[in-house]
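These notes are about the structure you will find just below.
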Amino acid sequence: MEGDGSDSLVTIKNIERELICPACKELFTHPLILPCQHSICHKCVKELLLALDDSFNDVGSDNSNQGSPRLRLSSPSMDKIDRINRPGWKRNSLTPRTTTFPCPGCKHDVDLGERGINGLFRNFTLETIVERYRQAARAATAIMCDLCKPPPQESTKSCMDCSASYCNECFKIYHPWGTVKAQHEYVGPTTNFRPKILMCPEHETERINMYCELCRRPVCHLCKLGGNHSNHRVTTMSSAYKTLKEKLSKDIDYLIGKESQVKSQISELNLLMKETECNGERAKEEAITHFEKLFEILEERKSSVLKAIDASKKLRLDKFQSQVEEYQGLLENNGLVGYAQEVLKETDQSCFVQTAKQLHLRIQKATESLKSFRPAAQTSFEDYVVNTSKQTELLGELSFFSSGLDVPEINEEQSKVYNNALINWHHPEKDIADSYVLEYRKINRDDEMLSWNEIEVCGTSKVVSGLESNSDYAFRVRAYKGSICSPCSRELILHTPPAPVFSFLFDEKCGYNNEHLLLNLKRDRVESRAGFNLLLAAERIQVGYYTSLDYIIGDVGITKGKYFWAFRVEPYSYLVKVGVASSDKLQEWLRSPRDAISPRYEQDSGHDSGSEDAYFDSSQPFTLVTIGMKKFFIPKSPTSNEPENRVLPMPTSIGIFLDYDKGRVSFYDMDHMKCLYERQVDCSHTMYPAFALMGSGGIQLEEPITAKYLEYQEDM
């Protein structure tokens, strides 16, 4: 029997870490079961909610900084905790009661709902195990009788109905034979008293007698009849008890049966740790050896370079010294001059010629040296400057991937982002790599570094989907050959469109003029050709008519939400107008497109062009901007009258962002995802993508990026 008690004590002690609250890091006290199925102390839940509510009401205080909620909260008063515990509590009419907080165990947000803490079950099983652990830990400390007169005696049993502990004498006194109390349930001495019946937290007078399989929690019959679980599948408590107990027993038996396997795996892990330590030390030694070789090469090169510089310096100094000595001799020619002057006094012609010839040569040489002074050597050592830029770059790229596998390079021109992202790259030696890994991650504006997402790719391009709108993403790629990996390529930053992409085609029925416009079979490209019909129409200019625009619209309208679409205007286009227009305005345009008789009438402005400034701020049911002759014309506004502020180079691809709910339209440079112009627009009716062309021109809708896009690119 003693052996069994010892084994039980050891077992209890082994589970200590399972009995620690993740919030206070102490043994559980009245643990509650959160919706995520983790347990937490009753008091800890209150303190977490109180701390979060304080930070919500006082954002600027130091209590809202990083740290544990328990550390932020000094010691909440009991009245505050009681107020939090009551349903519907709130500090004032402007501050709602906080019911959502991160679970300390799994870090996921849990919502307690309207009932707050009162809607949580108390984990009596865990509470009982904790109490057994406490008793095992303080085996020498006896539980005293609660009813004895001082000094109390050691208790021998505890009554679960009375929630008190008794010695033998007191138990007989307070539980006499033949009375109702004699039927009370009693156990060994304990301080953990729990109710016999588990009551429903939502219906406090109802017993728990069912188990919701969807929510995985016990419920009462009122919860099933008309509560939150009325449409959920439930089972009887006895059935749930039997099923869960069988599963738990099987799992425990499985773990016990695998004990030897676990021990062998632990031994294997210990061996792997030792092997890792040895391999790590060996790798360090090899790295040190490689660096020492580099140091030796650098020292050798350093020595040779310094020797070359010293030799050049000595040679130049010797030349300068010789030249100094030569000119020093010129100073000594003062005696030569005096001697020459004496020779000039010679009157005997033959004697003079004999002496003066050699003297004249000496004086002539000195004279030439003075006329053509030039240093004997250069003072600059420009030819001896050590160029280490390439070596510095190579050393900066020094890594563990020195496998000879080249670094792939992302092709920025062929990589783009639209509804998805298309990333293209090329490898200097394409046939060497077995596969590639494309990595991407979102760049947060608060500079938070998110982890990289990885996609294994067999080719040299990949479509990445599921990207968030109006966000920056970084992309990079590396090559693999077997277990050998190349360094990562340089990162490519792409900005996603400000809203989901709106898919549509050109409408070939509504307003389409097949005499002037040519639509392809896919209905994603339209061209306007200046031909014979345009020459015939030009006759009307004599009577005050302008040649009208030819309109074409999208085949799908927008009635709510935010959308973005993009297209390309051909560089040869003379005049193209793009934007959005409401259904009623389109009917007006398309019903009588050539009824305008005033030369000042302008179909894209919707009013007299002479009063454009006065109507700029008014919200109209359409907005069109002009593009043509490789220029993008920003509509005139009172604050920008200079022509140079209104004319921009035409972007390669143009995007339009319509926020229907806010009544706002924006025009983007797709290459840089930069907003060029935006204004209010009346969205009281269905809005359509609208286009108009005059003269030669062409518009190509941007093709959505899909998996088939790659196949099309490969065929091209």
So, for Tyr418 and Glu703, which heavy atoms are closest and what is the spacing to 0.1 Å? CD2-O, 3.9 Å
Scan Phe475, Tyr480, Trp425 and name whichever one has a ring-ring contact (aromatic ring centres under 6.0 Å, His included) with Tyr436. Trp425
To the nearest 0.5 angstrom, please state how far the CZ atom of Arg216 sits from the CG atom of Leu214. 9.0 Å
For His495 and Asn470, test the side chains for any donor-to-acceptor distance below 3.5 angstrom and give the result as yes or no. yes
Using atom types as modelled and distance alone, determine if a side-chain donor or acceptor of Asn424 lies under 3.5 Å from a backbone N or O of Gln414. yes
Roughly how far apart are Ser415 OG and Ile423 CD1, rounded to 0.5 Å? 4.5 Å
For Glu213, does the CD atom have more than 12 heavy-atom neighbours from other residues, nucleotides or ligands under 6.0 Å away? yes
Of all the heavy-atom pairs spanning Trp452 and Ala474, show the shortest one and how long it is. CZ3-O, 3.5 Å
Salt bridge flag under 4.0 Å for residues Arg568 and Glu702: yes
Side chains of His427 and Pro408, heavy atoms from C-beta outward: is any pair under 4.5 Å? yes
Angle between ring planes, His229 versus His232, binned at 30° and 60°: parallel, tilted or perpendicular? perpendicular
Identify the two heavy atoms, one from Phe381 and one from Ile309, that lie closest to each other, and give their separation to 0.1 Å. CE2-O, 4.0 Å
Taking side chain to side chain contact (heavy atoms under 4.5 Å, CB included) as the criterion, tell me which of Val130, Thr29, Ile40 meets it with Cys21. Ile40
The reported gap from SG in Cys106 to NE2 in His108 (rounded to nearest 0.5 angstrom) is 6.0 Å
Can you tell me if Ser489 uses its side chain to pair, donor with acceptor, with the backbone of Val477 under 3.5 Å? yes
Give a yes or no on whether a salt bridge exists between Glu246 and Lys250, defined as a side-chain N under 4.0 angstrom from a carboxylate O. no
With side chain to side chain contact (heavy atoms under 4.5 Å, CB included) as the test, would you mind laying out the steps for Leu494 and Leu467 before giving the verdict? CA-CA 11 Å; Leu494 295 177; Leu467 303 181; over 6 Å; no
Start with the C-alpha gap between Arg282 and Glu286, add the side-chain angles, then the distance that decides, and say whether side chain to side chain contact (heavy atoms under 4.5 Å, CB included) holds. CA-CA 6 Å; Arg282 188 181 301 111; Glu286 292 178 357; 4.0 Å; yes
Starting from the C-alpha separation in whole Å, work towards a yes-or-no answer on side chain to side chain contact (heavy atoms under 4.5 Å, CB included) for Glu259 and Lys263. CA-CA 6 Å; Glu259 183 177 358; Lys263 288 181 179 179; 3.5 Å; yes
From CD (Glu382) to OG1 (Thr379), nearest 0.5 Å: 9.0 Å
Knowing that exactly one of Lys302, Arg301, Lys307 qualifies, which makes a side chain to side chain contact (heavy atoms under 4.5 Å, CB included) with Ser304? Arg301
Gln265 atom CD, over 12 foreign heavy atoms within 6.0 Å: yes
Mind checking whether Tyr473 and Tyr440 have parallel, tilted or perpendicular rings, split at 30° and 60°? tilted
I'd like to know if Glu454 pairs up with Arg478 as an ion pair, taking the criterion as any Lys NZ or Arg NE/NH1/NH2 lying under 4.0 Å from an Asp or Glu carboxylate oxygen. yes
Output all residues satisfying side-chain hydrogen bond (donor to acceptor under 3.5 Å, both in side chains) with Arg476, sequence neighbours left out; order by chain, then residue number. Glu439
Take Leu112 and Leu49, measure what side chain to side chain contact (heavy atoms under 4.5 Å, CB included) needs, and give me the verdict at the end. CA-CA 10 Å; Leu112 303 185; Leu49 292 176; 3.8 Å; yes
Provide the closest heavy-atom pair for Lys442 versus Ser471 in the form atom of the first, atom of the second, distance. CE-OG, 3.5 Å
For Ile33 against Ser39, the heavy-atom pair lying closest together: CG1-OG, 4.2 Å
In Å, rounded to the nearest 0.5 Å, how long is the span from CG of Asn123 to CD of Glu127? 8.0 Å
To the nearest 0.5 Å, how far apart are NE2 in His426 and CG in Asp406? 10.5 Å
Pair Asp671-Thr652, side-chain donor/acceptor within less than 3.5 Å: yes
Which atoms form the tightest heavy-atom contact between Cys488 and Val407, and what is the distance? O-CG1, 3.7 Å
